[in-house]
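First up is the structure itself, then whatever we jot down about it.
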Amino acid sequence: MNTAVIEQGAYVKGGQGRTRSPLTVRELLTPVFYYRAEALLGFLIPVALAVIAIFLAHPIYTAQSRLLILLGDDYVFRSDVDGGAQGLSFDRAQIVQAEIQILSAKELRIQAIRKVGLARAYPKLANQPKGLEKAAEQFSKDLDIVNIPQSNVIELNLQSDDPKVAADLLNTLVKLYIERRRLIFEQADPSLVNAQRDQLNKRLTEVEAKLLSFSVDHGFGDYPTELTTVQNQQASLVSQIQVLDQQLAARSGRVSVLSGWLKSAPAEVEISNDKGRSQQLDDLTRTLLDLQNQRRQAAARYVEGYPLIVDLDRKIAEVQAQIQAAPQQQVMAVRRGANPVRQQLDTELADSVGDLTGLRLARVQAARDLKTVNARLAELVLIGPEYRELIRQRGTLEGSFAEVAKRAQETGLASTLSKAKANVRIVQAADPPVKGSSGRMVLLLAGLGLGLATAVAVIVVSSAFSDVMITPRDVEQKLDLPVVLTVSADDKIAARRRGQPGSVGRASFLGYDDAKLVLRLLTSVAPGPGRVMQLVAANGGEGVSSLLMDLAMMAATANAKRVLIVDIEPAVEGSVIQAFAESGAKLTRVSPDRIGVKGTSLHITLPMGAGSHVLSETEWETFFREARRNYDVVLVDCPALERSSACLIFAPLVDMNIVVIEAEATRAAVARNMIERIEGAAGDVAGAILNKRGFYIPRAIYSWL
């Protein structure tokens, strides 16, 4: 199976320019099947430990008891201090939690162990130093106290190896708990409550006397009513003054405006006038008629354009313009009399001055009243804190006195009943359990879950720390190069695992589609004729020569291209010519330094760089320039970088460098070093070929995904 990728759209750019191919289910499952032995081992170890724990587990017996918590007045807090406050009651959850805390007391556990016997309850701790304290700690771990949801029931579960010991120890704990809580919830002494009541009554009488004297001294019956009345008077006077100020401003403005208008108003005004036709207009009209008459006479005697006629036309135009500008009428007679507006202004000014005087007097009186009210309000505000303190003391003492007086009547009976009756009922006493629980199923499920998690962790860690590459995505992640194509291993090495020795020389074959893909990629990189490509490998035996031979044959036969293989510094017994001869190809010499494959346009150079075929860098540039003119495709076969650095010399001279990575054998660090050295030599690596790839997913699953 061969896989090729050249569509750049199929890659996703990751962080910092890294190239990524889409993550598929096949890519995820490949490490699972590749590391299946390690994963299986990681899965089996926790499972085996769980099985051993299952066989070693012994049954644990759990004794159970249930208590019903009644919501009585034990949980109502009443202060016994001077000036006591109203009692505070707890809700159901708080009450049940309080009972659980009493049950969890270390002192109760120690007493229960002593009554049952340390040697019987915890025989392993009987002879140890501080065995009783250690037994109390173990008792706390074995005891589970829970509140059944939405109820007042407390459930107690105690685990032990002996069912009888579990029941006895739990029943003893419950009995001690009931006795303990009676001591905690005892009520107060009635004599103390009576003494507190008398003291509060005395203090209340003193506060009442102080409050009465304070009211008489400051002249009020009810302080809040007096304060509200004075505040209302203050607000009313402030509002009245604001209204008077607005009216004063309005009247003052009115007087000022009326005075100005009165000064500017004339004493007499024109009452009427008589108008007639304008005398100037009559004179101009007569003049126009005379000029027009002269013009008619001149026109009868002279031709048009005569100077006299032109002069008359000019004068006629001037008179017509004067007529249009002259007024049509003129005043003939004017009659004058007293100004009625001035008389109206004088009357309104007098009224406004009178109103202004009245408003000023009203504002003075309102300001005087406001000053008196402010003084009274200041006095009330000043004595307010003292009055409120007296009221607060009286209210507090009244409430406390009423509460204490009531409690004084109930304390005796309540104290007696609290000693004889508890608010706890035993719903279910502990019985020795018949059946124990070993937890084998839990251990088995835990082992299976831990085994599965360990297997996944083994696969993830192995994939993360492995330095070899299995899939194309591994190449992209570790080398930051796109994978041009992948070539699968043939059946002879299908069982090879992780670069184990024993690989055969001819491990993989390049198909027609793969060769066509590489040639198309080369064409896109170098569109002109005579394209040069070099395949580079870091280690020997990674399949560079085999891939070049397949690519050259495909290009020369199927595509009918002129192809040249440049064989650089090979071992004499491992030359490309010898490989073609061993594969059964018929070779002919086409020139002193080149061999051709008969029936094709494929030529192969003799081993260059060996013996007398040593060329300088300038000669190599000339060589490739001539090769580009004579061949369509030039393929450079260099030795692996571990044996020779010749590939670094040709890296900048070729159109495209492609690195060959042997799946499961080439280390990522070595491949990265090779790529960095090629780029350091001014070469550009276009991509990678993953050669001899193995497929570990079963064929049926692989084809289904």
Given side chains that start at C-beta, do those of Leu158 and Thr62 come closer than 4.5 Å, heavy atoms only? no

Compile the donor-acceptor pairs under 3.5 Å between side chains in residues 675-687 and protein atoms, sequence neighbours left out, one pair per line.
none

Evaluation steps, side chain to side chain contact (heavy atoms under 4.5 Å, CB included), between Val146 and Asp144: CA-CA 6 Å; Val146 295; Asp144 184 24; 3.6 Å; yes

Does a side-chain heavy-atom distance below 4.5 Å link Val659 with Leu481? yes

Give the ring-plane orientation class for Phe139 versus Tyr122, where under 30° counts as parallel, over 60° as perpendicular and anything between as tilted. tilted

Taking atom CD1 of Ile470 and atom OH of Tyr34, what is their separation to the nearest 0.5 Å? 4.5 Å

For residues 452-466, the salt bridge (Lys or Arg N to Asp or Glu O under 4.0 Å) pairs (sequence neighbours left out) are none

Taking Asp467's backbone N and O only, do any of them form a donor-acceptor pair with Arg667's side chain (distance below 3.5 Å, no angle check)? no

Do the side chain of Thr622 and the main chain of Thr618 share a donor and acceptor less than 3.5 angstrom apart? yes

Does a side-chain heavy-atom distance below 4.5 Å link Ile689 with Val483? no

Could you pull out every donor-acceptor pair under 3.5 Å between side chains of residues 451-458 and any protein atom, sequence neighbours left out?
residue, atom, partner, partner atom, Å
Thr454, OG1, Leu450, O, 2.7

Residues 524-535 vs side chain to side chain donor-acceptor pair (under 3.5 Å), sequence neighbours excluded, gives Gln534-Asn657

For side chain to side chain contact (heavy atoms under 4.5 Å, CB included), just list the numbers for Val566 and Phe623, CA-CA rounded to whole Å, side-chain angles, deciding distance to a tenth of an Å, and then say yes or no. CA-CA 10 Å; Val566 182; Phe623 173 82; 3.8 Å; yes

Less than 4.5 Å apart, side chain to side chain, heavy atoms only: is that true for Met554 and Lys516? no

Tell me whether Arg473 contacts the main-chain N or O of Glu476 through its side chain, where contact means a donor paired with an acceptor under 3.5 Å. no

Are any non-hydrogen side-chain atoms of Ile595 and His603 less than 4.5 angstrom apart? no

Can you name the side-chain contact (heavy atoms from CB on, under 4.5 Å) partners of Ser591, sequence neighbours left out? Asp593, Arg594

In this structure, are over 12 heavy atoms from other groups packed under 6.0 Å from Lys134 atom NZ? yes

Is it true that the side chains of Asp142 and Gln138 contain a donor and an acceptor less than 3.5 Å apart? yes

Sequence-distant partners of Ala556, side-chain contact (heavy atoms from CB on, under 4.5 Å), two or more places apart: Val563, Thr600, Ser601, Leu602

Sub-3.5 Å donor-acceptor pair from the side chain of Asp567 to the main-chain atoms of Val576, do we have one? yes

N/O donor-acceptor pair under 3.5 Å between Asn630 side chain and Glu626 backbone: yes

Would you call Met608 and Trp620 a side-chain contact if the rule is heavy atoms closer than 4.5 Å? yes

4.5 Å side-chain heavy-atom contact, Val518 and Met533: yes

If I compare all heavy atoms of Ala668 with all of Leu479, which pair ends up nearest, and what's the gap? O-CD2, 3.7 Å

Would you say Glu662 and Asn691 are linked by a side-chain donor-acceptor pair, where the criterion is simply a distance under 3.5 Å? no

Leu522 side, atom CG; Asp655 side, atom CG - distance, nearest 0.5 Å: 6.5 Å

State the CG-OG distance between Asp637 and Ser545, to the nearest 0.5 angstrom. 3.5 Å

Would you please say whether a donor-acceptor pair under 3.5 Å links the side chains of Asn157 and Gln159? no

Has Arg643 got a side-chain atom pairing as donor or acceptor with Gly540's backbone, closer than 3.5 angstrom? no

Non-hydrogen side-chain atoms of Val536 and Ile658 separated by less than 4.5 Å: no

In chain order, what residues pass the ring-ring contact (aromatic ring centres under 6.0 Å, His included) check against Tyr512, with sequence neighbours excluded? none

Please report the interatomic distance CE(Met656) to OG1(Thr523), rounded to the nearest 0.5 Å. 8.5 Å

Tell me the salt bridge (Lys or Arg N to Asp or Glu O under 4.0 Å) pairs involving residues 598-608, sequence neighbours left out? none

Roughly how far, to the nearest 0.5 Å, is the CG atom of Leu635 from the CE atom of Met549? 12.0 Å

With sequence neighbours left out, what residues match Glu642 under side-chain contact (heavy atoms from CB on, under 4.5 Å)? Asn539, Ala640

Residues that Asp474 engages under salt bridge (Lys or Arg N to Asp or Glu O under 4.0 Å), provided they are two or more places apart: none

Hey, does the side chain of Asn147 reach the backbone of Val96 with a donor-acceptor pair shorter than 3.5 angstrom? no

Does Phe580 have any ring-ring contact (aromatic ring centres under 6.0 Å, His included) partners at least two apart in sequence or in another chain, and if so, which? none

Minimal heavy-atom distance between Val484 and Leu517, with the atoms involved, is O-CD2, 3.4 Å

Measure across Leu690 and Pro472 and return the closest heavy-atom pair with its distance rounded to 0.1 Å. CD2-N, 3.6 Å

What distance do Ser645 atom OG and Met674 atom CE have between them, rounded to the nearest 0.5 Å? 13.5 Å

Please report the shortest heavy-atom distance between Ala121 and Val165, naming the atom on each side. CA-CG1, 3.8 Å

Within the side chain of Arg693, is there an N or O that forms a donor-acceptor pair under 3.5 Å with the backbone of Thr471? no

side-chain contact (heavy atoms from CB on, under 4.5 Å) filter on Leu448, not counting sequence neighbours, yields Phe43, Val47, Leu444

